[in-house]
Amino acid sequence: MKINILILTFLLFTGLSTSACTGKKGPYENDDFAITSVSVIHDSQLQMTIWEIIVKGKAGHTTPTPVGQLDGAPVLAYVFPTNLKPTDVGFNNTEGIVALGLTSHPDFDDTPLWDENKDRIFNNDGIIWHPHWVILVPDDRVEGGLAVKEFKKEDTTVILPPTNPGMPMYMDSPGYQVITSGNTIKVMIPDYRIGSTDFSYDGVTSLMRVNTSIKEKPLLGVYKVYSVASGDLSLPYDVQQK
């Protein structure tokens with residue numbers, strides 16, 4: 001795991017330095033994704049963890065501009081990389097970084113079990129901020145140097161949670177409550193939905209894109225990293241017990 005974290009740190013800062021060197025800001029590079037603090041609190045009375053990212057701007061205010069199709073679709077994300085084990089969140093034991101991403105993507109809906117905008121239509125609310133568990137792995141085929149880990153459909157060793165969206169990668173759509181308010185975005189996870197409430201974590205904001213047309217690119221890769229809470233992605237933060 002330590003080797004993976006070192007690789008992840010290098011690749012994330014490669015992604016950060018790219019825009020810094022050119023001096024150009026992308027369309028989503030603003031204070032809405034500039035992290036000022038991050039926290040995870042375990043509330044023993046409520047028996048849940050509350051994950052929170054605070055930014056300089058308005059959390060969740062900026063959402064992706066749709067491109068009108070799945071291929072090339074942008075995904076904006078507030079991400080908590082952790083040292084949780086894949087088995088803690090319902091995957092089989094596999095190499096990679098367990099991360100909780102709070103995402104928005106108007107071009108598609110990957111939460112078929114949940115109706116986030118409460119209109120009784122279950123496939124039209126990808127733009128509403130919602131959570132995903134993913135396994136991240138290094139991938140130098142994209143600018144940000146990371147991608148969600150993929151697998152072959154015939155691989156019988158792969159285990160996904162029953163709430164997964166049916167894509168050939170390590171992703172789950174757990175349906176936890178996500179709340180945006182002012183400069184804060186947070187998500188609440190009941191204790192029975194996670195294998196441990198004692199772990200280390202960090203906070204990251206990023207732009208991902210879906211790829212369905214270029215064989216040499218990952219299905220879902222990180223293209224930009226906007227902010228890292230710790231500054232060095234060392235996962236220095238521990239869950240606070242309340």
Side-chain angles (χ1 to χ4, degrees), residues 1 4 7-8 11-12 15 64 66-82 84-116 122-176 178 187 189 193-195 204 206-225:
M1 183 61 74
N4 278 339
I7 293 172
L8 185 59
L11 292 172
L12 277 175
V67 297
Q69 60 184 28
L70 181 61
D71 188 31
V75 178
L76 286 170
Y78 298 87
V79 185
F80 296 85
T82 76
L84 286 164
K85 301 187 296 293
T87 52
D88 286 328
V89 296
F91 299 119
N92 60 287
N93 192 24
T94 187
E95 288 295 316
I97 304 299
V98 176
L100 179 65
L102 311 182
T103 68
S104 172
H105 42 75
D107 289 295
F108 63 101
D109 188 310
D110 53 7
T111 60
L113 296 176
W114 319 113
D115 179 21
E116 289 91 346
F122 286 75
N123 64 354
N124 69 345
D125 41 23
I127 195 171
I128 306 297
W129 292 93
H130 60 276
H132 290 292
W133 285 115
V134 295
I135 305 293
L136 295 174
V137 292
D139 195 320
D140 60 8
R141 297 173 297 172
V142 288
E143 290 178 38
L146 295 163
V148 177
K149 188 172 187 175
E150 299 174 37
F151 56 83
K152 295 181 179 179
K153 291 183 178 180
E154 61 270 21
D155 187 345
T156 58
T157 66
V158 173
I159 297 173
L160 302 178
T163 48
N164 78 85
M167 300 176 180
M169 53 183 167
Y170 281 93
M171 174 185 287
D172 183 33
S173 302
Y176 311 136
V178 175
V187 61
I189 304 179
R193 298 286 302 275
I194 188 171
V204 175
S206 65
L207 169 67
M208 308 177 79
R209 289 192 185 278
V210 178
N211 163 60
T212 61
S213 62
I214 304 174
K215 192 174 182 180
E216 295 75 23
K217 298 284 187 180
L219 180 58
L220 183 57
V222 176
Y223 286 79
K224 294 290 181 183
V225 176

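Numbers here are sequence positions counted from 1.
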Would you check, one step at a time, whether the test side-chain contact (heavy atoms from CB on, under 4.5 Å) holds for M167 with L220? CA-CA 11 Å; M167 300 176 180; L220 183 57; over 6 Å; no
Under the side-chain contact (heavy atoms from CB on, under 4.5 Å) criterion, do N211 and L219 qualify, and how do the steps go? CA-CA 5 Å; N211 163 60; L219 180 58; 5.8 Å; no
Run W114 and I128 through side-chain contact (heavy atoms from CB on, under 4.5 Å) and show every step you take. CA-CA 11 Å; W114 319 113; I128 306 297; over 6 Å; no
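Side chains of V75 and F108 form a contact here, defined as non-hydrogen atoms less than 4.5 Å apart. Counting heavy atoms from C-beta on, the side chains of V210 and D107 never come closer than 4.5 Å. A heavy-atom distance below 4.5 Å is found between the side chains of F91 and L160. You'll find the side chain of P218 stays beyond 4.5 Å of the side chain of V148, heavy atoms only. Side chains of V204 and V225 form a contact here, defined as non-hydrogen atoms less than 4.5 Å apart. Here the side chains of V98 and I135 are in contact, with some heavy-atom distance below 4.5 Å.
Between D88 and K85 a salt bridge is recorded (basic side-chain N to carboxylate O distance below 4.0 Å).
Atom CG in L146 sits 10.5 Å away from atom CG in D140 (nearest 0.5 Å). Here CZ of R209 is found 13.5 Å from NE2 of H105. Values are rounded to the nearest 0.5 Å. Annotation: the span from L136 atom CG to I97 atom CD1 amounts to 7.5 Å, rounded to 0.5 Å. Expressed to the nearest 0.5 Å, how far CD of E116 lies from CG of D125 amounts to 4.5 Å. The distance from atom OH of Y78 to atom OG of S206, rounded to the nearest 0.5 Å, is 10.5 Å. Taking CZ from F151 and OG1 from T94, the interatomic distance works out to 10.0 Å, rounded to the nearest 0.5 Å.
Between the N123 side chain and the D109 main chain, no donor and acceptor come within less than 3.5 Å of each other. The backbone N or O of T103 sits less than 3.5 Å from a side-chain atom of H130, completing a donor-acceptor pair. Judged purely by atom type and a 3.5 angstrom limit, S104 has no side-chain atom pairing as donor or acceptor with the backbone of W129. Judged by distance alone, the side chain of D172 and the main-chain N or O of N164 form a donor-acceptor pair under 3.5 Å. Side chain of K217 to main chain of R141: a donor-acceptor pair is present (N/O by atom type, distance under 3.5 Å, no hydrogens or angles).
Shown here for V178 and P131, the closest heavy-atom pair between the two residues is CG2-CD, 3.7 Å. Across H132 and S173, no two heavy atoms sit closer than the pair CE1-OG, 3.2 Å. Smallest separation of non-hydrogen atoms from I194 and V89: CG1-CG1, 4.4 Å. Considering every non-hydrogen atom in both T157 and N92, the closest pair reads O-CG, 3.5 Å. For E143 against K224, the heavy-atom pair with the smallest separation is OE1-NZ, 3.1 Å. Contact detail for L113 and P162: the closest heavy-atom pair is CD1-O, 4.5 Å.
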